[in-house]
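A short write-up of the structure that comes next.
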Amino acid sequence: MQAHGKHRAKGLLLLMITLSIIASACSAERSKARTLDVQSKHINDVTIERILSLPLTQGEAGLRQVTSEIFRLANYPDAPGTITGDVVTKGEPINLSDGHRINIVIDYTKAGVLSIGVDKARCLKLKGAVRITGAKPVSAVSYPYVEGPESDTYSAIANGVDVNIGKFAKGEECLSEIRLVNMKAASEFVTENKLELSAKNLPADDR
């Protein structure tokens, strides 16, 4: 994610919307996300597990909370949703309370998407992220961003939110990317902008 930076994240915008719209049409909302006592959480207690789980357990409210917390940690002054496609992380990576780091965050929240690059220095294996979210594998998407043959992408849907997680390089085991998608906002963005989406992204177990 660091190697490609904002350019790669830009290419992922419609991919994330594609994942969300198609997944919502062919699968019921489901998740094995763990229940967290989110009310007692402080901004300094932001963890990868919280980022992955809160949007699934609390829906749009949880997504807004996680987005707000990440913006505050990055000293990003704008309220969620005010800028489309802006790089939130302007300097050093964001250090989370569990020792994990976020390399880059791209704010696409007007289009319903927040893109997060996870530093692999302290590896959370993708399999671990799958266990946290209950995500299911989804097939590669050819529009608008062509995923390579080594791509490994999963999707968890619950309470109107799609959490996409994945890794993109050969031999990787670590989670490298998280995309948090507000499915209603993404759907409205697609409709308003008359976007044509590929229908190739069907959950593997529903094909």
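Atom set for the values below is all heavy atoms of this structure, side chains included, hydrogens, waters and symmetry mates excluded. For this chain, numbers begin at 1 and follow the sequence in order.
- The line from CG of Asn182 to NZ of Lys184 is 8.5 Å long, rounded to the nearest 0.5 Å.
- You'll find the side chain of Leu73 reaches within 4.5 Å of the side chain of Val46, heavy atoms only.
- Distance alone, capped at 3.5 Å, is enough to place a donor-acceptor pair between the Ser53 side chain and the Glu49 backbone.
- With rounding to the nearest 0.5 Å, the separation of CG in Asp107 from OG1 in Thr67 is 8.0 Å.
- Here the side chain of Thr57 pairs a donor or acceptor atom with the backbone of Leu54 at under 3.5 angstrom.
- Ala185 and Gly112 get closest at one heavy-atom pair: CB-CA, 3.8 Å.
- Results of the side chain to side chain contact (heavy atoms under 4.5 Å, CB included) test with Ile178 over Asn164, Val66, Ile116 single out Ile116 as the only residue that passes.
- For Lys127, the side-chain contact (heavy atoms from CB on, under 4.5 Å) criterion is met by Arg131, not counting sequence neighbours.
- In this structure, the side chains of Leu180 and Ile51 come closer than 4.5 Å at one or more pairs of heavy atoms.
- Nearest heavy atom pair, residue Leu63 against residue Val181, reads CD2-C, 4.2 Å.
- Two residues are said to be in side-chain contact when any heavy atoms from C-beta on lie closer than 4.5 Å; Lys167 and Glu177 fail this criterion.
- Atom CD1 in Ile94 sits 9.5 Å away from atom CG in Asn103 (nearest 0.5 Å).
- Side-chain atoms of Leu126 and Asp152, non-hydrogen and from C-beta on, do get closer than 4.5 Å to each other.
- Heavy-atom minimum distance, Gln65 versus Arg50: CG-NH2, 3.8 Å.
- In this structure, Tyr76 and Val87 approach most closely via the heavy-atom pair CE1-O, 4.4 Å.
- At least one side-chain heavy atom of Val88 sits less than 4.5 Å from a side-chain heavy atom of Phe71.
- Minimum heavy-atom separation, Leu52 to Val163: O-CG2, 3.9 Å.
- Remark: Asn95 engages Arg101 in a side-chain contact (heavy atoms from CB on, under 4.5 Å) (not counting sequence neighbours).
- Taken to the nearest 0.5 Å, the OG1 atom of Thr47 stands 7.5 Å off from the CG atom of Leu96.
- Side-chain contact of Asp45 with Ser97: a donor-acceptor pair under 3.5 Å is absent, judged by distance alone.
- Contacts of Glu173 classified as side-chain contact (heavy atoms from CB on, under 4.5 Å), with partners at least two apart in sequence or in another chain: Lys125.
- The backbone N or O of Gly166 lies less than 3.5 Å from a partner atom in the side chain of Ser176, making a donor-acceptor pair.
- Considering only residues two or more places apart in sequence or on other chains, Glu60 meets the side-chain hydrogen bond (donor to acceptor under 3.5 Å, both in side chains) condition with none of them.
- A heavy-atom distance below 4.5 Å is not found between the side chains of Leu124 and Cys174.
- Residues Leu56 and Ala158 approach most closely at O-CB, 3.6 Å, considering heavy atoms.
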